[in-house]
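Below, chains carry the letters A, B, ... as their sequence lines are ordered, and counting in each starts from 1.
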Amino acid sequence: MKPESHHSTAYPRIYAVVAAIPRGKVATYGQVAELAGLPGRARQVGYAMHALDADTPIPWHRVVNARGEISPRTAGPEAGTLQRQLLETEGVRFGVGGRIQLDRYRWNPAT
DNA sequence: CCACTGACGAGTG
DNA sequence: GCACTCGCCAGTG
């Protein structure tokens, strides 16, 4: 074993959870964090998403914020527009205000 | 080491 | 429901 591995490698765990979100469903950053064994660290999930390559197989677009919205990027609206497009292609409907009804589309891993 | 930032979120008013 | 504060912590300068 490597005794020096204390500086977290949480990204793989986060990506594993995101990869498990079914098509047409969404999960919140906080939900992903909790499922990855990192309760209260929703922010790190966002950080992990930001670190993904453009051609990643990870379905990053299925992760939205706790209000059911696509989180605004500092970099610009481009990624957000793509995210919404990808979700709509999977059948996820957006209401006025760019809101998704979480009670309807949220992924429930228990089922 | 310190200050600041940021794909977040619960709590408060 | 909105605006704000505070906690969270990796990355950057």
Minimum-distance nucleotide to A/Tyr11 side chain [options: C/dC2, B/dC8, C/dG11]: C/dG11
Spacing between A/Tyr29 atom OH and B/dA10 atom C1', to the nearest angstrom: 17 Å
Side-chain atoms of A/Gln44 come closest, of B/dG6, C/dC2, B/dC8, to B/dG6
Report the distance from atom CE of A/Met49 to atom P of C/dC9, rounded to the nearest whole Å. 18 Å
When rounded to whole Å, the CG to P distance for the pair A/Asn65 and C/dC2 reads 12 Å
Closest of C/dA10, C/dC9, B/dG9 to the A/Tyr47 side chain is C/dA10
A/Leu38 CG to B/dG9 C1', in whole Å, measures 15 Å
Give a yes or no on whether A/Tyr15 and A/Val17 share a hydrophobic cluster (residues Ile, Leu, Val, Met, Phe, Trp, Tyr; joining criterion: side-chain heavy atoms under 4.5 Å apart). yes
Strictly below 4.0 Å, N to O, side chains only: are A/Lys25 and A/Glu90 in salt-bridge contact? no
Between A/Arg43 and A/Arg67, name the one whose nearest nucleotide on DNA chain C is closer to the 5' end. A/Arg67
Distance in angstrom units between A/His50 NE2 and B/dT5 C1', rounded: 12 Å
Side-chain heavy atoms under 4.5 angstrom apart, residues restricted to Ile, Leu, Val, Met, Phe, Trp, Tyr: same cluster for A/Ile21 and A/Val92? no
Can A/Arg99 be said to sit on top of A/Phe94's aromatic six-ring, NZ or CZ under 6.0 Å from centre and within 45° of the ring axis? no
May I have the distance from A/Arg13 (atom CZ) to C/dC9 (atom C1'), rounded to whole angstrom? 17 Å
Figure out the CD/P separation between A/Glu34 and B/dA10, and round it to whole Å. 10 Å
Write down the distance between CG (A/Leu52) and P (C/dA10), rounded to a whole number of angstrom. 17 Å
B/dG9, C/dC9, C/dC2: which one has an atom nearest the side-chain heavy atoms of A/Arg99? C/dC2
